[in-house]
Amino acid sequence: METQTFGLFGQWLNLFFWFWGLVIIAVIYFIATYNSIINLKNTVKETFSSIDTVLQNRYNLIPNLVEVVKQYMQHESWVISKVTELRASLMSNWNKNSLERFAQENELQAGLKSIFAVAENYPDLKASTNFLELQTSWSEIEDRLQAARRAYNASIKELNNKKEMFPSNIVASMMTIEDYKMFEADSSARIEKLDAKSMFS
Amino acid sequence: MNWLREYAIKKWLDDGNEISKLESFFDDFEIKSILEQVDKNRIRRYVWLFWGIISLYFLFWSLFFWEVVTINWITREANFFDTVITSSVFLIPIGLIYSAIVIFIFRKKIEWTIKEKILTKLSKKVYDNLQYDFWRKYAFWEIRELRSSNFLNSYERVDKIEDSIAFTLNKDWKYASVQWYELQTSEVRWSWKNRRRVITNHCYLLKTRLPSARINIKNDIYIKDDRSDTVWNKMLTPIIVSSFIAMISWIITKIFAIVVVSFVLCFVIVYILYHKFNWRNRVVLENLEFEKLFDVHSNDQVESRMIITTAFMDRLVKLANKTKRKYNFLFRDNVFYVKWNISSWYLEVNTWKKISSNIETFVNWYIEMKEIISFLQDMQILYLSKTDSKFIWADLNPPQYETMKDSDFGSINLGLWNLWLWNIWIGNFPWKFTLK
């Protein structure tokens, strides 16, 4: 009888330890996943702010560039004024993470590319030291911007994976996570086949 | 040399011009005469060994024989066969010493002939500005820094620079300089009896300095060869195997099963924590092929992506797939390092095999260097300034000799001491290889 009681008690004890063991493991997992999701959210914000930093450098470049080129490029003053207007508009919408802002940034990038492309027709401008420095700075800024966008997209992808994949989606559903949009190429940049002949004609 | 063409094609060299270059190089009269001289030296070695030992034997035998004859004349006791046996006993140690000396001398002579005369010329075929000198070592002293960045983490000590080459990517040394080292390294371990056990490894280390890099790299970027797909894949195998063992052991004894499961859990926890607290964050990139082959670690996600563009990733994957080597890269302060492990016999002259096996070794080296240089030239295009008039450093000197600090190399002096003795023996002045 005593042996049977002890045996039953032992089984209940066994079950008790297994149950609480599983609960502890589940709690540890919940805490770890919660922290990792918070970490990813902060990483997304950090990478977005690094994009903002690079964009700020680009905005700072524009007045110097306009000052240098406007003396030479009198026939293309409409490009310069468009770039100046876009810059002013974007500076006023600084903190917005919106599709409208991304579209304006793409327009600004296209405008700057046009200025540098058109400057090829002005040998005096091309030879100017200031212009060359600005061109180099712009090139560095564009490289950095591209890298920052890639980092931003990568961090969003990781966060989305955590949100959608099992079993971390259980923890993610209990949290409030903003829906972040990845940077995508402009529709004009998505050309399936490039026609080199028309480009150089 | 028909076998050379087939061998080169087998070793991934698909450029017909390069194969023709190699063929014409080894068909050259001067090179052929050097190879013939090497073959003659090989045969001379055997002749010296054979006749030397025979002569030594007869010398000993005759000494013992005459001694016995004179004794016989006095004591009327003589045993012809005793002289044979006694002289043989004395011949063994002396014969071994003599053989070792002959083998050493001829080995060094053959090695010097091939490396000094052939490899120096072959290096010019690889690239005009390749400087290889058998007697000179282009040294570096960033070992502590490299070790602290875990780039040389499995090696506690760099013993010796076995070979080194210096070259520049442009003829006037203004843009980038490259130094290439074959290192002999060793790892000190403590066995269960607390005795030191030293394992010798070999690796190649390529160091490229980019003085006019367009991008200033402030943080370390470490690209490590890692063929496991994901962290889970790395852990899955031990988990599955351990679970299987645990299942079997549960049948045998529950305690053993608990021990195994606890061990696996500890391993998994330690592994996760190690990766969590690794000081360099993992950079996950878009190219899946690249991710399968390499792991990138850096403190700055943006800067690492400025270097590791899609073109760069494609280029690395192409290099790794073509050469089948496991490369590790480190970017630091506009210098980047490439490291890959090799066996100890790589680029070593084998004086016992036919000369064609040595040519194969050098052809391997030629092809590999061509690939690496092509990769470096692509890197130059990617990372040097396109408007380079601003970034020319007129006072950049070629890295011919750099002062080596004894404390950084540990036993490097032993290697240099051997080299110094050899130079004395063949008549070179010691100052010829003293580094300034």
Side-chain angles (χ1 to χ4, degrees), chain A residues 14 17-18 21 24-25 28-29 32-33 35-36 39-40 42-55 57 116 126-162 165 182-183, chain B residues 212-219 221 230-232 254 258 261-262 264-266 268-269 271-273 275-278 281-288 290-291 296-313 331 334 381-392:
Chain A
N14 207 15
F17 282 126
W18 273 107
I24 289 166
I25 289 170
I28 292 170
Y29 176 77
T33 309
N35 287 343
S36 71
N39 186 29
L40 286 170
N42 290 337
T43 307
V44 169
K45 287 179 189 165
E46 189 196 348
T47 46
F48 192 78
S49 70
S50 66
I51 294 174
D52 274 348
T53 311
V54 179
L55 290 173
N57 288 341
F116 286 109
K126 261 174 57 177
S128 157
T129 324
N130 287 340
F131 181 77
L132 286 172
E133 280 184 14
L134 285 166
Q135 192 175 38
T136 310
S137 303
W138 176 72
S139 176
E140 279 176 32
I141 286 167
E142 289 302 316
D143 284 343
R144 195 167 276 274
L145 187 60
Q146 192 196 56
R149 281 174 175 166
R150 283 171 62 204
Y152 178 68
N153 284 351
S155 59
I156 289 178
K157 178 192 150 194
E158 274 196 62
L159 181 65
N160 287 343
N161 282 345
K162 277 277 180 193
M165 282 178 158
M182 286 197 190
F183 272 108
Chain B
S212 52
R214 195 174 57 187
I215 305 158
N216 231 3
I217 304 162
K218 290 182 193 117
N219 290 287
I221 301 170
T230 61
V231 168
W232 286 107
K254 289 174 188 173
I258 290 167
V261 169
S262 313
V264 169
L265 274 174
C266 288
V268 167
I269 290 166
Y271 192 87
I272 289 171
L273 287 174
H275 277 272
K276 280 277 181 202
F277 293 110
N278 197 352
N281 297 319
R282 174 100 194 274
V283 177
V284 180
L285 294 159
E286 309 87 3
N287 190 325
L288 293 175
F290 180 85
E291 280 293 310
V296 180
H297 296 269
S298 175
N299 279 337
D300 192 326
Q301 298 273 331
V302 174
E303 200 174 70
S304 54
R305 283 177 171 85
M306 284 177 76
I307 302 292
I308 308 171
T309 57
T310 44
F312 181 77
M313 286 191 275
F331 289 83
N334 291 340
I381 293 164
L382 289 170
Y383 299 113
L384 290 183
S385 173
K386 295 210 170 95
T387 56
D388 51 19
S389 56
K390 186 190 167 190
F391 295 109
I392 290 173

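Because only heavy atoms are used, hydrogens play no part in the values below, and waters and symmetry mates are left out as well, while side chains stay in. Residue numbering restarts at 1 for every chain, and letters A, B, ... go by the order of the sequence lines.
Rounded to the nearest 0.5 Å, atoms CG (A:N153) and CZ (B:R305) are 9.0 Å apart. How far OG1 of B:T310 is from CZ of A:R150: 6.0 Å, rounded to the nearest 0.5 Å.
What you find for A:S50 and B:V302 is that their closest heavy atoms are OG-CG2, 3.8 Å. Across B:Q301 and A:A151, no two heavy atoms sit closer than the pair CB-CB, 4.3 Å.
Ranked by non-hydrogen atom pairs under 4.5 Å with chain B, the options A:A148, A:A154, A:A147 are led by A:A147.
A donor-acceptor pair under 3.5 Å is absent between the side-chain atoms of A:R144 and the main chain of B:M306, judged by distance alone.
Residue contact with chain B, scored on non-hydrogen atoms closer than 4.5 Å, is absent for A:E46.
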